[in-house]
Amino acid sequence: MDPTSVLLVLVAIVAAAMAAGLVIRARRGRVTAVSDGRRDARLVVPGSDLTLVQLSSPVCSACGVMRRVTEEIAAGDAALGRRELDVTEHPDLARDHAVMSTPTILLVDAAGAVRSRIIGAAKPADVRTAIAEARAAVEVAA
């Protein structure tokens with residue numbers, strides 16, 4: 001095999017590995033801490049210290065998965081509220097919170113401040129970690 005062919009094969013292998021890594025990364029939920037100081041009372045479930053707000057759409061395949069995850073987590077935590085909003089019915093919320101894909105989950109404190117944003121399908125452990133971190137941030141701020 002000549003050196004050019006070997007080089008082309010190696011480049012193809014590296015490109016395939018990078019593409020596979022990007023696909024895997026894109027399918028996992030990304031959790032981002034947010035602290036822009038804005039408040040949105042429309043998102044809060046009254047009586048909850050934190051609210052999981054899932055912004056979904058009718059054509060979203062991962063929304064059902066995240067619905068089950070957030071329902072299970074909220075069912076086991078009396079202080080955690082949960083609501084799901086369809087971005088086609090609430091385009092103002094999607095615009096105000098820069099929602100570019102669904103599912104997007106906003107973790108909102110009792111004052112309406114968004115503490116975390118989860119984009120895409122996330123593991124339950126990642127959602128629980130985001131909740132714990134948001135509660136810690138609320139306690140520090142208080």
Side-chain angles (χ1 to χ4, degrees), residues 1 4-142:
M1 192 178 257
T4 305
S5 297
V6 172
L7 182 60
L8 288 174
V9 169
L10 288 174
V11 168
I13 291 171
V14 170
M18 286 179 62
L22 290 173
V23 168
I24 291 169
R25 181 177 175 195
R27 290 187 177 189
R28 289 189 301 176
R30 295 182 312 238
V31 180
T32 307
V34 178
S35 60
D36 62 7
R38 296 179 359 192
R39 299 188 191 298
D40 191 341
R42 301 173 293 179
L43 302 175
V44 177
V45 171
S48 300
D49 69 339
L50 291 173
T51 302
L52 285 168
V53 180
Q54 180 172 331
L55 297 161
S56 300
S57 65
V59 296
C60 172
S61 61
C63 291
V65 172
M66 288 311 296
R67 180 179 305 115
R68 287 186 292 280
V69 168
T70 58
E71 285 175 346
E72 178 184 316
I73 291 171
D77 186 338
L80 182 66
R82 184 200 172 277
R83 65 187 314 186
E84 184 172 357
L85 301 170
D86 186 330
V87 295
T88 61
E89 295 174 9
H90 302 278
D92 54 329
L93 284 173
R95 182 191 64 245
D96 293 349
H97 294 282
V99 175
M100 299 295 166
S101 64
T102 57
T104 294
I105 297 173
L106 304 176
L107 189 54
V108 183
D109 68 18
V114 178
R115 296 294 180 157
S116 288
R117 171 187 295 263
I118 302 168
I119 300 171
K123 296 177 185 175
D126 293 338
V127 177
R128 286 186 178 94
T129 298
I131 292 167
E133 290 172 356
R135 283 192 169 130
V138 169
E139 289 177 11
V140 168

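Basis for what follows: all heavy atoms, side chains included, without hydrogens, waters or symmetry-related copies. In what follows, residues are counted from 1 in the order of the sequence shown. This is a predicted model, so every value here is computed, not measured.
Taking the side chain as every heavy atom from C-beta outward, Gln54 and Ile118 never approach each other to under 4.5 Å. Proximity of Arg117 to His97: side-chain heavy atoms (C-beta onward) are separated by under 4.5 Å at one or more points. No side-chain heavy atom of Thr70 sits less than 4.5 Å from a side-chain heavy atom of Glu84. Within the 4.5 Å cutoff, no side-chain heavy atoms of Val53 are placed close to those of Val114. Between Val69 and Glu71, the closest side-chain pair of non-hydrogen atoms is not below 4.5 Å.
Closest heavy-atom contact between Arg39 and Ala111: CD-O, 3.5 Å. Between Ala130 and Leu107, the shortest heavy-atom distance links the atoms O-CD2, 3.4 Å. Across every non-hydrogen atom of Val127 and Ala122, the tightest pair is CG2-CB, 4.1 Å. Nearest heavy atom pair, residue Ala121 against residue Ala62, reads CB-CB, 4.1 Å.
In this structure, OG1 in Thr102 is found 12.0 Å from CE in Met66, a value given to the nearest 0.5 Å. Between Asp49 atom CG and Asp109 atom CG the span is 9.0 Å, to the nearest 0.5 Å. With rounding to the nearest 0.5 Å, the separation of CD1 in Ile13 from CG in Leu8 is 11.0 Å. The line from CG of Asp77 to CG of Leu50 is 8.0 Å long, rounded to the nearest 0.5 Å. Rounding to the nearest 0.5 Å gives a distance of 9.5 Å between CG of Leu55 and CZ of Arg83. Between atom CG of residue Asp86 and atom OG of residue Ser57 there is a gap of 7.0 Å, rounded to the nearest 0.5 Å.
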For Arg82 and Glu72, run salt bridge (Lys or Arg N to Asp or Glu O under 4.0 Å): C-alpha distance rounded to whole Å, both residues' side-chain angles, the deciding distance at 0.1 Å, then the answer. CA-CA 10 Å; Arg82 184 200 172 277; Glu72 178 184 316; over 6 Å; no
| message | Show, in sequence, the C-alpha distance, side-chain angles and deciding distance for Asp92 and Arg42, and conclude whether the side-chain contact (heavy atoms from CB on, under 4.5 Å) test is met. | response | CA-CA 11 Å; Asp92 54 329; Arg42 301 173 293 179; 3.0 Å; yes
Task: side-chain contact (heavy atoms from CB on, under 4.5 Å) between Val87 and Thr104, worked out - done: CA-CA 10 Å; Val87 295; Thr104 294; over 6 Å; no
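The one candidate from Val45, Ile131, Thr51 that meets the side chain to side chain contact (heavy atoms under 4.5 Å, CB included) condition with Leu80 is Ile131.
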